Amino acid sequence: MYAQSILYDTLVSITADGYEGCLAESWDISEDGCTYTFHIRPNVLFSDGEKCDANAILANFNAILENRERHTWLEMMNLLVGVSAPDENTFVIEMSEPYYPMLTELGCIRPFAMISPNCMINGSTKDGVNGHIGTGPYVLTDFVTDEYAVFERNENYWGEAPAIRKITVKVIPDNQTRIMALESGEIDLIFGKNMIDADAISQYLDSDRFTVGLSDPTSTRHIVMNTTHEILGDPAVRKALQHATDRQTISDGIFYGLEQPADTLYATTVPYCNVGLKPYEYSTETAAQLLDEAGWVLGSDKMRAKNGKQLALDLLYNSDSVTEKTIAEYLQSEYLKLGISMTIHGEEEQSYRDNMKAGNFDMVFNICWGMPYDPQSSLAAMRAPVYGDYAAQQGLEDKAEIDEAITKILTSTDDAERQELYKSVLTNLHEDAMYLPLTYECNKALYTSALHGVHFGTDQYDVPFADMYFE
């Protein structure tokens, strides 16, 4: 994702101040909100010399639409009627209905970033590409998979030339080895949510040689509870688990406070998500009371049971994540004190994702999509079996009501109405208690203090190399 963001450009850019022109200098939106006309920036060349005009952009969109089913996680793909290039300076997108996140999705790193048509295989990208040629500030000059990639400044870039002429990105899987490479001067920057652990960050907070950067919340680390499960189908059990979870201890003990406790599925800093939801306070007394009232009685063996059935649950985690295993072990220990038996098991990432999507879990770790995909894209995907949300929500009595409101959100042209719909959806999901928020993830950077211009963009996957410089 970071490589795509510096090699390729999109029609528009998402900035902290809103949308700005990129390959499109400007755009017009029809009165009914269904037709977008983009005025393409003149004299832009791909780094292979090919013109990046409306015809090249049309070729990209046609290649994406040929593979439409791979991109239906973006609701735009379900509403898109057609694309055209009336002339080389004009590109038009027609939608069946108005769609308020349209410009956001066009500004995301993928899939609407433009590659040179010369890299397409028989005019298509569904079977891959034969090169990595874009119009962005850098070009890829060398790489060895799983070892390194070299990017050099695109001397024909249409925008302001970046200060750094050459970037070598090294693949260093081990956390401690990454830190040693930074200390020795082999690398200048470590960047990413999971590239530096909290222990390492805490050691460098007062350093003169190195600088620590932490972003605002990018996404929410949470656990999804399957409402079709015979035990978790009871909202009282789900609410008991909410009250039984000490988020502050997880934040302090595992993340050194760098990931703040999460009270809601989305942070209040996410657009439309500051809707006044009341957090589930940590209270083992409340949790025990809820379980007692639901008939899960504590036996002489200190375990809870109902009608002869033990309160036993399973938590699935990604075995590639040391953090998830640590949290799982902590929760297992804490829930046991309440008489809840929870087994934990990890699976390698692909198996973990496959089981999550299929709904083969009682409880499973997950992470919100993050900015700029939240809340609109991640909520839209809950209406179809894209990830585990769809399967896990099938036991909700208000599932149809939630889905209907999400659909209305996406096509609403009234911002006040949209905010009320968001409030309704987020309130329902919060009261259904099937999402167990843990902490708010943030993006992290650790770098030599001689490097300037390091910051966090509006997309959590973007590494803003073009803004960096050495003094």
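All heavy atoms count here, side chains included; hydrogens, waters and symmetry mates do not. The first residue of the sequence shown is numbered 1, and numbering continues consecutively from there. Everything numeric here is computed off the predicted structure, so don't read it as measured data.
Between Glu230 and Lys309, at least one side-chain nitrogen of the basic residue sits less than 4.0 Å from a carboxylate oxygen of the acidic one, meeting the salt-bridge criterion. The pair Glu186-Lys170 meets the salt-bridge criterion, with a side-chain N (NZ, NE, NH1 or NH2) lying under 4.0 Å from an Asp/Glu carboxylate O. Between Glu417 and Lys408 there is no salt bridge, since no side-chain N of the basic residue sits under 4.0 Å from a carboxylate O of the acidic one. Contact check on Lys337 versus Glu334 returns a salt bridge, with a Lys/Arg side-chain nitrogen under 4.0 Å from an Asp/Glu carboxylate oxygen.
Panel note: side chain Arg353, backbone Gln350; no donor-acceptor pair is recorded below 3.5 Å. Of the possible polar contacts, none joining the Glu324 side chain to the Asp320 backbone as a donor-acceptor pair under 3.5 Å is found. Formation of a donor-acceptor pair under 3.5 Å by the Arg209 side chain with backbone atoms of Thr448 is not found in this model. Remark: the backbone N or O of Trp296 is paired with a side-chain donor or acceptor of Arg304 at under 3.5 angstrom. A distance-only check finds a donor-acceptor pair linking the side chain of Ser319 to the backbone of Glu347 [under 3.5 Å]. No side-chain donor-acceptor contact under 3.5 Å links Ser5 to the backbone of Ile109. Remark: side-chain polar atoms of Thr427 are not paired, donor with acceptor, to backbone N or O of Ser424 under 3.5 angstrom. Listed for the Thr220 side chain is a donor-acceptor partner under 3.5 Å among the backbone atoms of Leu265. The backbone N or O of Thr269 lies less than 3.5 Å from no partner atom in the side chain of Asp216, so there is not a single donor-acceptor pair. A side-chain donor-acceptor contact under 3.5 Å links Ser215 to the backbone of Asn443.
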Open item on the list: Pair Gln393, Tyr435 - check side-chain hydrogen bond (donor to acceptor under 3.5 Å, both in side chains), show working.
Closed with: CA-CA 10 Å; Gln393 289 180 4; Tyr435 292 98; 3.0 Å; yes
Check: Taking it one step at a time, do Gln419 and Asp415 satisfy side-chain hydrogen bond (donor to acceptor under 3.5 Å, both in side chains)?
Finding: CA-CA 6 Å; Gln419 179 65 75; Asp415 192 63; over 6 Å; no
Apply the test side-chain hydrogen bond (donor to acceptor under 3.5 Å, both in side chains) to residues Ser341 and Tyr335: give CA-CA distance (whole Å), side-chain angles for both, the deciding distance (0.1 Å), then the verdict. CA-CA 7 Å; Ser341 171; Tyr335 294 166; over 6 Å; no
The test is side-chain contact (heavy atoms from CB on, under 4.5 Å); show your working for Val139 and Phe151 and say whether it passes. CA-CA 5 Å; Val139 296; Phe151 303 89; over 6 Å; no
For this session: Kindly indicate, with the supporting measurements, whether the criterion side-chain contact (heavy atoms from CB on, under 4.5 Å) is fulfilled by Leu315 and Leu313.
Result: CA-CA 7 Å; Leu315 174 59; Leu313 302 168; over 6 Å; no
query: Checking side-chain hydrogen bond (donor to acceptor under 3.5 Å, both in side chains) for the pair Tyr461/Gln4: CA distance, chi angles, key distance, verdict?
result: CA-CA 10 Å; Tyr461 302 107; Gln4 292 179 59; over 6 Å; no
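Under the 4.5 Å side-chain criterion, counting only non-hydrogen atoms from C-beta, Gln332 is not in contact with Leu336. You'll find the side chain of Pro437 stays beyond 4.5 Å of the side chain of Asp263, heavy atoms only. Under the 4.5 Å side-chain criterion, counting only non-hydrogen atoms from C-beta, Ile115 is not in contact with His132. Taking 4.5 Å as the limit, some side-chain heavy atom of Phe456 sits within range of a side-chain heavy atom of Phe191. Tyr280 has its side chain within reach of Lys239: a pair of non-hydrogen atoms, C-beta onward, lies under 4.5 Å apart.
The number of heavy-atom neighbours closer than 6.0 Å to CG of Asp414, taken from other residues, nucleotides and ligands shown, is above 12. Within a 6.0 Å sphere centred on NZ of Lys399, heavy atoms belonging to other residues, nucleotides or ligands number more than 12. Around atom CD of Glu348, more than 12 heavy atoms belonging to other residues, nucleotides or ligands sit under 6.0 Å away. For Lys306, the NZ atom sits in a packed shell: over 12 heavy atoms of surrounding residues, nucleotides or ligands are nearer than 6.0 Å. Counting heavy-atom neighbours within 6.0 Å of Tyr2 OH, excluding the residue itself, gives a total above 12. Heavy-atom contacts from other residues, nucleotides or ligands closer than 6.0 Å to NZ of Lys357 number 12 or fewer. Within 6.0 Å of atom CE in Met180, 12 or fewer heavy atoms from other residues, nucleotides or ligands are found, so the atom counts as exposed in its surroundings. For Arg68, the CZ atom is densely surrounded, since the number of other residues' heavy atoms within 6.0 Å is greater than 12.
Checked against Thr439 for a side-chain hydrogen bond (donor to acceptor under 3.5 Å, both in side chains), the options Glu259, Gln248, His222, Gln260 give a single hit: Glu259. Each of Tyr352, Phe361, Trp369 was scored for a ring-ring contact (aromatic ring centres under 6.0 Å, His included) with Tyr387, with one residue passing: Trp369. If you run side-chain contact (heavy atoms from CB on, under 4.5 Å) between Ile223 and each of Val364, Leu438, Leu241, Asn366, only Leu438 comes through.
For the residue pair Ser251 / Tyr440, no side-chain donor-acceptor distance below 3.5 Å is found, with atom types taken as modelled. Residues Asp292 and Gln289 have side chains that never bring a donor and an acceptor to within less than 3.5 angstrom of each other. Side-chain atoms of Thr177 and Asp174 form a donor-acceptor pair, as typed in the model, at a separation below 3.5 Å.
For Glu66, the side-chain hydrogen bond (donor to acceptor under 3.5 Å, both in side chains) partners two or more places apart in sequence, or in a different chain, are Ser124. Every side-chain hydrogen bond (donor to acceptor under 3.5 Å, both in side chains) that Gln242 has, sequence neighbours left out, goes to Arg247. Remark: Thr10 engages no residue in a side-chain hydrogen bond (donor to acceptor under 3.5 Å, both in side chains) (not counting sequence neighbours).
A cation-pi arrangement, defined by a distance under 6.0 Å to the six-membered ring centre and an angle within 45 degrees of its axis, is present between Arg418 and Tyr100.
Nearest heavy-atom pair, Lys193 versus Lys444, reported as atom, atom and distance to 0.1 Å: O-NZ, 3.0 Å. In this structure, Cys368 and Ser219 approach most closely via the heavy-atom pair O-CB, 3.4 Å.
Between Tyr422 and Tyr272, the ring-plane angle classifies as parallel under the 30° and 60° cut-offs.
To the nearest 0.5 angstrom, Ile409 atom CD1 is 11.5 Å from Glu404 atom CD.
Note: His345 and Tyr317 fail the aromatic proximity criterion, with ring centroids not under 6.0 Å apart. Ring pair Phe112/Phe61: centre-to-centre distance below 6.0 Å.
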